[in-house]
Protein chains: 2
Amino acid sequence: MSFPPRYRSRADVSGAESRAKAVQAAIELFAASGYKGTSIARVAERTGLSQSGLLHHFPSKAALLSAVLEARDAEDGEFLSAGGDAPMGWAAFDSLAALVARNSTRPQLVGLYVRVSAEAVEPGHPAHEWLRSHYANVEAWLTDAVRVGQEQGEIRSDAPVDALVRTTIAVLDGLQQQWLLNPGGVSMPKLFNAHVQGLRAQWSSAAEPPPR
Amino acid sequence: MSFPPRYRSRADVSGAESRAKAVQAAIELFAASGYKGTSIARVAERTGLSQSGLLHHFPSKAALLSAVLEARDAEDGEFLSAGGDAPMGWAAFDSLAALVARNSTRPQLVGLYVRVSAEAVEPGHPAHEWLRSHYANVEAWLTDAVRVGQEQGEIRSDAPVDALVRTTIAVLDGLQQQWLLNPGGVSMPKLFNAHVQGLRAQWSSAAEPPPR
DNA sequence: GTCTATATTTCGATAGAC
DNA sequence: GTCTATCGAAATATAGAC
């Protein structure tokens, strides 16, 4: 199924395209050199615009970063909620594993996340609030998932919820760092699955005892 | 036992002191704002020197970073090798836990590490080689420790060595990031111990099966 | 060993023409 | 929507006096 392209003025076309191109260029450069390490001039160059041309679409460098993070969140959120409702219990860990598998084919998005996250620990950083709410969201979702798993009898009721959640997020973040430094030698999906397997073996309520 | 202070010329005294002060100032600022986000002018200001005065001791900003990383490694290495020989088997994980406990009282060293590590993923970064060898060292040491634990019958021989090593390092790194963002709400020692407990429960060979 | 002065870039952002 | 021109600030580094 295809639609006839609706009429758009010349300016309208290149405007949206330039904006999208700029966001993509910024993702690549922020991923490689971080936010502070990237100048808007270089983003403009890669976009095919002058510096001022770029700043017409994004009034400041921080605004460009916001657009970049918005684009990233859209991709990730879309993927995680693809199956309809958010998965609960151990299934939540499986969908995280799927996310890891997908990320392991996208070094740029991973680089962007690792670099910006580390910078944005600083309170004054333009992405600081984004980072806080990003962690708050992931924590809340995963905490809910574990609690529901406990109520449904899938996860032992004496499991330390906070530790399961936070160490899992830590593994997620830490593996990305290792993988960026050594993409060929580190398999993020395999290692994340090993971690989840460990949790399952220890904290599943119904399953038979882990093989010894 | 105390030594009489040997004679030092006036210049000799203040030289070494200025150098040490500068390294300390740089640690604090790099921890808060990263390497790229910190100017040597601000380091000089905090040191109590002019910019040129600082650059007399460190010919470039990168040289200052080298001195900072050297100081950091000296502290960490001293701590880990404090008990004599490097611990092997599960004891290696215990000594990591002790390191985590100590780090949780030193936000500056943690901030320095997290910030610089993320920046230095970039191949051209002045700390890139430092970062690579840092990971290589930790990996090699922990891998050895696990292998020795297997040979001594303390760790199951079918344990996935690589996964134990890399997920543990990932937890280490990931928890530091979470803790920096939320120092009051995240207990690094408690969470790291929970991770190690999980590994022990699953991969100890001698111990009784984990309580269910 | 430390300073002042300065050279040289590069940065983010604005003004205004087309 | 895009460009050229430019501003003002801040960066790293060097030269040379004391």
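Numbered from 1 within each chain, the chains take letters A, B, ... in sequence-line order.
- Pairs engaging residues 183-195 of chain A under the side chain to side chain donor-acceptor pair (under 3.5 Å) rule: A:Thr168-A:His195 [sequence neighbours left out].
- Applying the side chain to side chain donor-acceptor pair (under 3.5 Å) test to every pair with at least one member in residues 138-152 of chain B, sequence neighbours left out, gives these pairs: B:Glu139-B:Arg166.
- Less than 4.0 Å separates DNA chain D from at least one heavy atom of each of the following residues of residues 33-50 of chain B: B:Thr38, B:Ser39, B:Ile40.
- Of the possible donor and acceptor atoms, none in the side chain of B:Ser204 sits under 3.5 Å from a partner among the backbone N and O of B:Ala201.
- Between A:His56 and the phosphate of D:dG1, there is a side-chain N or O to OP1/OP2 separation shorter than 4.0 Å.
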Please produce a list of atom pairs where a protein N or O lies less than 3.5 Å from an N or O of nucleotides 14-18 of chain D.
{"from": "D:dT14", "atom 1": "O4", "to": "B:Ser52", "atom 2": "OG", "distance (Å)": "2.9"}

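- B:Ser33 is linked by a side-chain hydrogen bond (donor to acceptor under 3.5 Å, both in side chains) to A:Glu122, counting only residues two or more places apart in sequence or in another chain.
- Among residues at least two apart or in separate chains, salt bridge (Lys or Arg N to Asp or Glu O under 4.0 Å) pairs with a member in residues 52-73 of chain A are A:Arg72-A:Asp76.
- When the side-chain nitrogen and oxygen atoms of A:His57 are compared with OP1 and OP2 of D:dT2, one or more of them lie within a distance under 4.0 Å.
- Residues that satisfy the salt bridge (charged side-chain N to carboxylate O under 4.0 Å, His left out) test with A:Lys21, not counting sequence neighbours, are absent from this structure.
- Between A:Ser18 and D:dT2 there is a side-chain N or O to OP1 or OP2 distance below 4.0 Å.
- For residues 51-60 of chain B, no residue pair satisfies the side chain to side chain donor-acceptor pair (under 3.5 Å) rule, not counting sequence neighbours.
- With sequence neighbours excluded, the residues forming a salt bridge (charged side-chain N to carboxylate O under 4.0 Å, His left out) with B:Glu28 are B:Arg46, listed by chain and number.
- Atom CZ of B:Phe58 and atom C1' of C:dG1 are 13 Å apart (whole Å).
- If you check residues 23-32 of chain B against DNA chain C, you find no residue with a heavy atom closer than 4.0 Å.
- In this structure, CG of A:Leu54 is placed 13 Å from P of C:dC11, rounded to the nearest angstrom.
- Applying the ring pair (Phe, Tyr, Trp, His ring centres under 6.0 Å) rule to pairs touching residues 72-121 of chain A yields A:Trp90-A:Phe93, A:Tyr113-A:His134, sequence neighbours excluded.
- Rounded to a whole Å, the NZ atom of B:Lys21 is 15 Å from the P atom of C:dG1.
- Between A:Thr47 and A:Ser18, the closest heavy-atom pair is CG2-O, 3.9 Å.
- Judged as a ring pair (Phe, Tyr, Trp, His ring centres under 6.0 Å), and not counting sequence neighbours, the contacts of A:Tyr35 are A:Phe30, A:His125.
- Distance NZ (A:Lys61) to P (D:dA10): 15 Å, rounded to an integer number of Å.
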